[in-house]
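So the structure is just underneath, and the comments pick up after that.
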Number of protein chains: 2
Amino acid sequence: MPAHHDAPAATVDIDEVLELVRAHGGRVTSARRAVLSALVSADAHLTAEEVAQAVHSDHPDVHLSTVYRTLEALEQLGVVTHVHLGHGKASYHLAERVHHHAACEVCGHVIELPADLLSDVVRELKERHGFVADVHHFAFVGHCTTCLPEGHIR
Amino acid sequence: MPAHHDAPAATVDIDEVLELVRAHGGRVTSARRAVLSALVSADAHLTAEEVAQAVHSDHPDVHLSTVYRTLEALEQLGVVTHVHLGHGKASYHLAERVHHHAACEVCGHVIELPADLLSDVVRELKERHGFVADVHHFAFVGHCTTCLPEGHIR
DNA sequence: ATCTTTGCAAACTTTTTGCACCAAT
DNA sequence: ATTGGTGCAAAAAGTTTGCAAAGAT
């Protein structure tokens, strides 16, 4: 497992994924291509709305609901995942870039953490309780260094 | 049902809390008393709606929005906390009973886990990133023994 | 020709809010 | 008499859905 931050520069080949879509009886549309390419070229996480915005620069007519549907389709194919960084909107990213997230409740800043951060806990949950946890689905929430909770001693 | 269950039998004195409410300039109403007693006598976690239902047996006119406002007030006083067991509604419980939760995405079953389960990770987040995490705010989601994800080998 | 996707509008779910009235101090 | 709480209805916020038209195969 990689240490901290070697973002495995997009090994996702868009056409390959679209072929996968086709293989599953889906159709390759410009909306899908655009959503996919928005995710591939994004360095960070994008909300559905942000994906829509990115898509709009080239394809102004792609509706937000189409983005949602496309993201869901790609998620079913295992290409995309979403995380909840807090209470609001979900964030989407390529599934190959799994990692943990720590999101500051105040400023919204997101720290990315190694994917295996909870492997001990995951093992314990499985062994002791038979529970198979998807530990990447929710971020750690809290306060980053600059937004320390009140009353907290630096 | 749960495995290790050292539920520290309700040490919360309702009148004491109500006194605290008053001390903070709040008023003691029957709605507040009822919400509080619903939480104290609940062995499990309750959604706002479930709290409302419990309250309704004695006070049918307490509105759901009042329940929300009361829960928020009690949360501010540090008496109550809420957790997100998954995508839907939040669950509320007494703050003195902090613990972790593992919630099955399929059947909804919730396992309670020791509060210190992530203390190592919390320490690491703080030391390495200055991030103060509130690790109890989101549950672990996944699949319990009887609802194993498809394709999973037992 | 067929079957999937899309745009749009409308529904949905959970929680919050504005406001006039009511109640606790 | 104050101030804060409550019921109600309506708004928010994020996501989903029904449907007829458009598009991919």
Side-chain angles (χ1 to χ4, degrees), chain A residues 15 17-36 45-53 55-56 58-77 80-92 103 108 137-139, chain B residues 15 17-36 45-53 55-56 58-77 80-92 103 108 137-139:
Chain A
D15 291 319
V17 173
L18 292 176
E19 209 41 63
L20 185 66
V21 167
R22 228 184 310 249
H24 281 254
R27 270 129 211 223
V28 173
T29 66
S30 53
R32 287 180 172 182
R33 204 185 303 269
V35 165
L36 205 38
H45 319 80
L46 300 176
T47 64
E49 218 154 21
E50 288 166 342
V51 172
Q53 272 172 33
V55 165
H56 284 169
D58 272 327
H59 306 263
D61 294 337
V62 172
H63 198 271
L64 179 58
S65 68
T66 298
V67 172
Y68 272 111
R69 287 191 267 227
T70 301
L71 288 170
E72 212 218 300
L74 293 173
E75 217 161 342
Q76 300 245 49
L77 293 177
V80 165
T81 335
H82 73 269
V83 213
H84 298 278
L85 299 179
H87 280 173
K89 343 192 166 186
S91 294
Y92 296 80
H137 195 82
F138 286 105
Chain B
D15 291 318
V17 174
L18 293 176
E19 210 41 64
L20 185 66
V21 168
R22 228 182 313 248
H24 281 253
R27 271 126 210 229
V28 173
T29 65
S30 52
R32 286 180 173 184
R33 204 185 304 269
V35 166
L36 206 37
H45 320 80
L46 300 176
T47 64
E49 217 156 21
E50 287 165 341
V51 172
Q53 273 173 31
V55 165
H56 283 169
D58 272 328
H59 307 264
D61 294 337
V62 173
H63 198 272
L64 179 57
S65 68
T66 298
V67 171
Y68 272 110
R69 288 191 265 227
T70 301
L71 288 170
E72 211 219 301
L74 293 173
E75 216 161 344
Q76 299 246 49
L77 294 177
V80 164
T81 336
H82 73 269
V83 213
H84 299 278
L85 299 179
H87 280 175
K89 343 194 163 184
S91 294
Y92 295 80
H137 196 83
F138 286 105

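Labels below follow one simple rule: chain letters A, B, ... track the order of the sequence lines, proteins then strands, and each chain is numbered from 1. Just so you know, these numbers come straight off a predicted model, no measurement behind them.
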For residues [X] and [Y], determine if any side-chain heavy atom of one lies less than 4.5 Å from a side-chain heavy atom of the other.
{"X": "A:R33", "Y": "A:D15", "result": "yes"}
{"X": "B:L46", "Y": "B:Y92", "result": "no"}
{"X": "B:V21", "Y": "B:R32", "result": "yes"}

Nearest whole angstrom, please: distance from the [atom2] of [N] to the [atom1] of [X].
{"X": "B:H63", "N": "C:dT15", "atom1": "NE2", "atom2": "P", "value": "14 Å"}
{"X": "B:L71", "N": "D:dT6", "atom1": "CG", "atom2": "C1'", "value": "15 Å"}
{"X": "B:E49", "N": "C:dT13", "atom1": "CD", "atom2": "P", "value": "10 Å"}
{"X": "B:L18", "N": "C:dA24", "atom1": "CG", "atom2": "C1'", "value": "13 Å"}
{"X": "A:L74", "N": "C:dT5", "atom1": "CG", "atom2": "P", "value": "11 Å"}
{"X": "A:H59", "N": "C:dT5", "atom1": "NE2", "atom2": "C1'", "value": "15 Å"}
{"X": "A:D61", "N": "D:dA21", "atom1": "CG", "atom2": "P", "value": "18 Å"}
{"X": "A:Y68", "N": "D:dA13", "atom1": "OH", "atom2": "P", "value": "13 Å"}

Testing the basics here: between [X] and [Y], what is the closest heavy-atom pair and its distance to 0.1 Å?
{"X": "B:L18", "Y": "B:V28", "result": "O-CG2, 3.5 Å"}
{"X": "B:L85", "Y": "B:S91", "result": "CD1-OG, 3.4 Å"}
{"X": "B:A139", "Y": "A:F138", "result": "O-CD1, 3.9 Å"}

Side chain of [X], backbone of [Y]: donor and acceptor closer than 3.5 Å?
{"X": "B:T66", "Y": "B:V62", "value": "no"}
{"X": "A:E50", "Y": "A:T47", "value": "yes"}
{"X": "A:H63", "Y": "A:S65", "value": "yes"}

Checklist line | Nucleotide of C:dT25, D:dG7, C:dG7 approaching B:R22 most closely (side-chain heavy atoms) | finding: C:dT25

Show the distances under 3.5 angstrom between N or O atoms of the protein and N or O atoms of nucleotides 1-3 of chain D.
residue, atom, partner, partner atom, Å
D:dT3, O2, B:R27, NH1, 2.2
D:dT3, O2, B:R27, NH2, 3.1

Check: How is the base pairing of DNA chain D summarised as a dot-bracket string, given the Watson-Crick and G-U wobble criteria with both distances under 3.5 Å, [ ] for crossing and | for another strand?
Finding: |||||||||||||||||||||||||

Checklist line | Position toward the 5' end of DNA chain C (nearest nucleotide), B:G26 or B:T47 | finding: B:T47

Check: Touch check for A:A31, heavy atoms < 4.0 angstrom, all strands: base, sugar-phosphate only, or nothing?
Finding: sugar-phosphate

Notebook entry, point to check: What is the nucleic acid contact for B:A48, judged by heavy atoms within less than 4.0 Å: base, sugar-phosphate only, or nothing?
Noted result: nothing

Between the protein and nucleotides 17-20 of chain C, which nitrogen or oxygen pairs come in under 3.5 angstrom?
residue, atom, partner, partner atom, Å
C:dG18, O6, B:R69, NH1, 3.3

Checklist line | Within the 6.0 Å centroid threshold, strictly below: A:H137 and B:H84 | finding: no

Check: Given that A:T29 and A:K89 both sit by DNA chain D, which one's nearest nucleotide is further toward the 5' end?
Finding: A:K89

Next item on the list: Using the side-chain contact (heavy atoms from CB on, under 4.5 Å) rule, take A:H82 and A:L71 through it: C-alpha gap first, then chi angles, then the decisive distance, then the call.
Entry: CA-CA 9 Å; A:H82 73 269; A:L71 288 170; over 6 Å; no

Check: With a 4.0 Å cut-off, would you call A:R22 and A:E19 a salt bridge?
Finding: yes

